[in-house]
Amino acid sequence: MAVDIILGLQWGDEGKGKIVDVLSPRYEIIARFQGGPNAGHTLEIGDTKHVLHQVPSGIFHEEKTNVIGNGVVLDPVVFKKEIDDLSALGVDAVPRIIVSNKASLILPTHKLIDKAQEAKKGDKKIGSTLRGIGPAYQDKYGRASLRVGDILSSDFEERLKTIVQHHEVVIKNLGGETGELSTLIPEFRESCDFLKRFRIEPTELFLNKALDEGRSVLAEGAQGSLLDIDFGSYPFVTSSNTLSSGACSGLGVSPRRISSVIGIFKAYATRVGSGPFPSELFDETGKKIAEKGHEFGATTGRPRRVGWLDLKALKYSCMLNGVTELFMMKVDVLEGFDSLHILKNYPDAALDGNAVAGNREGFDYVELEGWNESLNPTDPTSISGGLEAYKSYIETHVGIPIKLISYGPQRTESLWVED
Ligand code: GDP
Ligand code: IMO
Ligand code: MG
């Protein structure tokens, strides 16, 4: 069997959590391949709203195996809290999760370095989630990480001490504080002990064997394509490869195993944190979309910046990922507007970070009719009028079909489009 990948095509928060939950019944294994607790994937099931950070979004389905792959950076403290929260909801996650022995650990000092680095940057800060992502990946690529498998080795404590001592110097040099470490390190140790309850193994072997035996895998992306370390608006990016190629290196599966690449996007655009955002709205319309869409970060609670759909950026993401089908999210939020805009084109420099707020020279927008129709999940013909025109416009210009339209946070608020 093959691996299908689902990933965000914008700046994150496209609704990946909801869609992974919706698609999970079709797969046997759900696997996260990059990122860490900077992710906040929301699942609304009935009256329960749950935000996952480290745990893959297939966790609410019994009998499914959830893999935390080698490409992920894992914070044992956040992970323990998440497992405890799931347990309070009656979900025993322990038998449902396998963790790669090769996933890098986020230490408490990584979070303090993140904070100190951001503080030092002042106005030029990335707007990181302060979850220690950048510093943890720095250590990974600097070949200095502690990895999940290391918690089982007898010299773990000694290696932890050495790294923490080194990090303390870094934090002080950055002008940061280390006082909190006296409580954070014992909490980290306890959380590492807790992690030992889980299957820790080379998940690349588990996944390839499962695929050989005919089991199916859904790879769950975190963040979004435009936050990719290589192709995003550097330096206002995250520290991992968020693209489909990241699923291969982050899980240890070859490109020949990949079948579908499902790209999901909001019918408009949002961004949280700093960095260029060509179609950003600074007016009442932007405020209205933000309010209707409840656009606040699922991890940090920060207000998300809001703009019109950016077709140029969407096409770029589809090209980089090899997207085979599109899912369009949050169309309910755009319902009721007289007209809508889509940003078709603008100078390349704007996406690279040279556009300043207000300078919109050479920006080419198209105006489309709004819609008021409500969707019926069992009736694909309920996509009509303005919504149908909006959908067709995107499909024609991107050249990829939209296979699902999401019109609310619940599982049931999803309409599959017939071929
Ligand atoms: P993720 O990081 O990609 O998983 O997305 P987030 O969970 O950070 O943000 C998406 C938000 O939109 C969450 O609050 C979801 O519950 C919500 N959501 C998902 N799909 C829809 C939709 O079609 N309509 C509306 N109104 N909300 C949605
Ligand atoms: P999900 O998976 C939206 C943004 C941060 C910041 C930049 C770098 O929920 O879509 P980092 O903490 O990674 O060093 O921050 O990336 N960012 C996200 N924005 N959704 C996310 O994840 C994000 N993860 C990181 O706001 O601008
Ligand atoms: Mg999110």
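Counting convention: from 1, in listed order, for ligands and their atoms alike. As the structure is a computational prediction, the values presented were derived from the model and not from experiment. One-based numbering along the sequence shown.
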Polar proximity ligand 2 side, [X] side, N/O cut 3.5 Å exclusive:
| X | result |
| --- | --- |
| Arg131 | no |
| Glu14 | no |
| Val272 | yes |
| Val237 | no |
| Ser239 | no |

Which atoms of ligand 1 have any heavy atom of [X] under 4.0 Å away?
| X | result |
| --- | --- |
| His41 | 1 (P), 2 (O), 4 (O), 7 (O) |
| Tyr407 | 23 (O), 24 (N) |
| Gly40 | 1 (P), 2 (O), 4 (O), 6 (P), 7 (O), 8 (O) |
| Gly17 | 4 (O) |
| Ser406 | 20 (N), 21 (C), 22 (C), 23 (O) |
| Glu44 | 16 (O) |

> Got a sec: does the NZ of Lys115 have more than 12 other heavy atoms crowding it under 6.0 Å?
Replying inline: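 No.
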
Against heavy atoms of [X], which atoms of ligand 2 measure under 4.0 Å?
| X | answer |
| --- | --- |
| Ala222 | 2 (O) |
| His41 | 1 (P), 2 (O), 9 (O) |
| Thr238 | 11 (P), 13 (O) |
| Gly127 | 5 (C), 6 (C), 26 (O), 27 (O) |
| Ala39 | 1 (P), 2 (O), 9 (O), 22 (O) |

Identify the protein heavy atom lying closest to [atom], giving its residue, its atom name and the separation to 0.1 Å.
| atom | result |
| --- | --- |
| atom 9 (O) of ligand 2 | Gly40 N, 2.9 Å |
| atom 24 (N) of ligand 1 | Asp332 OD1, 2.8 Å |
| atom 20 (N) of ligand 2 | Asp13 OD1, 3.1 Å |
| atom 22 (O) of ligand 2 | Gln223 NE2, 3.5 Å |
| atom 4 (C) of ligand 2 | Leu227 CD1, 3.9 Å |
| atom 12 (O) of ligand 2 | Thr129 OG1, 2.6 Å |
| atom 10 (C) of ligand 1 | Asp13 O, 3.7 Å |
| atom 14 (O) of ligand 2 | Ser128 CB, 3.6 Å |
| atom 16 (O) of ligand 1 | Pro409 CB, 3.4 Å |

Looking only at side-chain N and O atoms, does [Y] offer a donor or acceptor that is under 3.5 Å from a partner on [X]?
| X | Y | value |
| --- | --- | --- |
| Arg302 | Thr300 | yes |
| Asp13 | Thr270 | no |
| Ser57 | Glu220 | yes |
| Asp139 | His167 | yes |
| Glu204 | Asn70 | no |
| Arg199 | Thr65 | no |

>> Arg96 and side-chain contact (heavy atoms from CB on, under 4.5 Å): which single residue from Glu63, Lys64, His61, Glu62 fits?
In response: Glu62

> When Ile29 is tested against each of Val3, Val217, Leu251 for side-chain contact (heavy atoms from CB on, under 4.5 Å), which residue passes?
Replying inline: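 Per the side-chain contact (heavy atoms from CB on, under 4.5 Å) rule, the option paired with Ile29 is Val217, out of Val3, Val217, Leu251.
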
> Is any side-chain N of the basic residue among Asp4 and Arg26 closer than 4.0 Å to the acidic one's carboxylate O?
Replying inline: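 Here Asp4 does not pair with Arg26 in a salt bridge, since their nearest N and O are not under 4.0 Å apart.
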
>> Looking at Glu180 and Lys111, is any side-chain nitrogen of the basic one under 4.0 Å from a carboxylate oxygen of the acidic one?
In response: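 Looking at Glu180 together with Lys111, the answer is no, because their closest N to O distance does not fall below 4.0 Å.
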
>> So is Arg304 touching ligand 2 or not, going by heavy atoms under 4.0 Å?
In response: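 Checking ligand 2 against Arg304, which is what was asked, there is no heavy-atom contact under 4.0 Å.
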
> At the 4.0 Å heavy-atom cut-off, does Gly8 count as touching ligand 2?
Replying inline: no

> Under the salt bridge (Lys or Arg N to Asp or Glu O under 4.0 Å) criterion, do Glu284 and Lys287 qualify, and how do the steps go?
Replying inline: CA-CA 5 Å; Glu284 286 307 311; Lys287 270 190 208 148; 3.2 Å; yes

> Once the angle between the rings of Trp11 and Phe277 is folded into 0 to 90°, is it parallel (under 30°), tilted (30 to 60°) or perpendicular (over 60°)?
Replying inline: tilted

> Which word best sums up how the rings of Trp308 and His341 line up, parallel for under 30°, tilted for 30 to 60°, or perpendicular for over 60°?
Replying inline: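 Taking His341 first and then Trp308, their aromatic rings sit tilted (interplane angle of 30° to 60°).
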
Is the closest N or O pair between [X] and ligand 1 shorter than 3.5 Å?
| X | answer |
| --- | --- |
| Gly408 | yes |
| Val333 | no |
| Met329 | no |
| Val331 | no |

> Where does Trp11 meet ligand 2, judged by heavy-atom distances below 4.0 Å: at the side chain, the backbone, both, or neither?
Replying inline: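 The answer is the backbone.
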
> Counting only heavy atoms, which portion of Lys16 has something under 4.0 Å from ligand 2: side chain, backbone, both, or neither?
Replying inline: side chain

>> Go through it in stages, so that I can follow the logic: the residues are Phe79 and Ile97, the test is side chain to side chain contact (heavy atoms under 4.5 Å, CB included), and I'd like the CA-CA distance, side-chain angles, deciding distance and then a yes or no.
In response: CA-CA 11 Å; Phe79 181 69; Ile97 296 178; 4.2 Å; yes

> So which N/O/S atom does Asp13 have closest to the Mg ion (ligand 3)?
Replying inline: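 Output for this pair reads OD1.
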
> Considering only heavy atoms, which of Lys18, His294, Lys330 lies nearest to atom 11 (C) of ligand 1?
Replying inline: Lys330

> Can you tell which of Asn38, Val51, Thr42 gets a heavy atom nearest to atom 13 (C) of ligand 1?
Replying inline: Thr42

>> Is the contact between Arg304 and ligand 1 made by the side chain, the backbone, both, or neither, using heavy atoms and a 4.0 Å cut-off?
In response: side chain

> Between Val78 and His53, which heavy-atom pair has the shortest distance, and what is it?
Replying inline: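 So the minimum-distance heavy-atom pair works out to CG1-CB, 4.2 Å.
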
> Does the side chain to side chain contact (heavy atoms under 4.5 Å, CB included) test come out yes or no for Ser240 and Ile229, once each step is laid out?
Replying inline: CA-CA 5 Å; Ser240 65; Ile229 182 74; 5.7 Å; no

>> Let me check your reading of the structure: within less than 2.8 Å of the Mg ion (ligand 3), is there an N/O/S atom from Gly17?
In response: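 No - counting backbone and side chain alike, Gly17 has no N, O or S atom under 2.8 Å.
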
> Taking the six-membered ring of Phe337, is NZ or CZ of Lys288 closer than 6.0 Å to its centre and within 45° of its axis?
Replying inline: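 So Lys288 does make the cation-pi contact.
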
>> Under 6.0 Å from the ring centre and within 45 degrees of the ring axis: does the NZ or CZ of Lys312 meet both conditions for the six-membered ring of Tyr346?
In response: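 Judged by the rule, Lys312 and Tyr346 form a cation-pi pair.
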
>> Within the structure provided, determine whether Arg271 and Leu227 are in side-chain contact (heavy-atom separation under 4.5 Å).
In response: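 Arg271 vs Leu227: side chains touch.
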
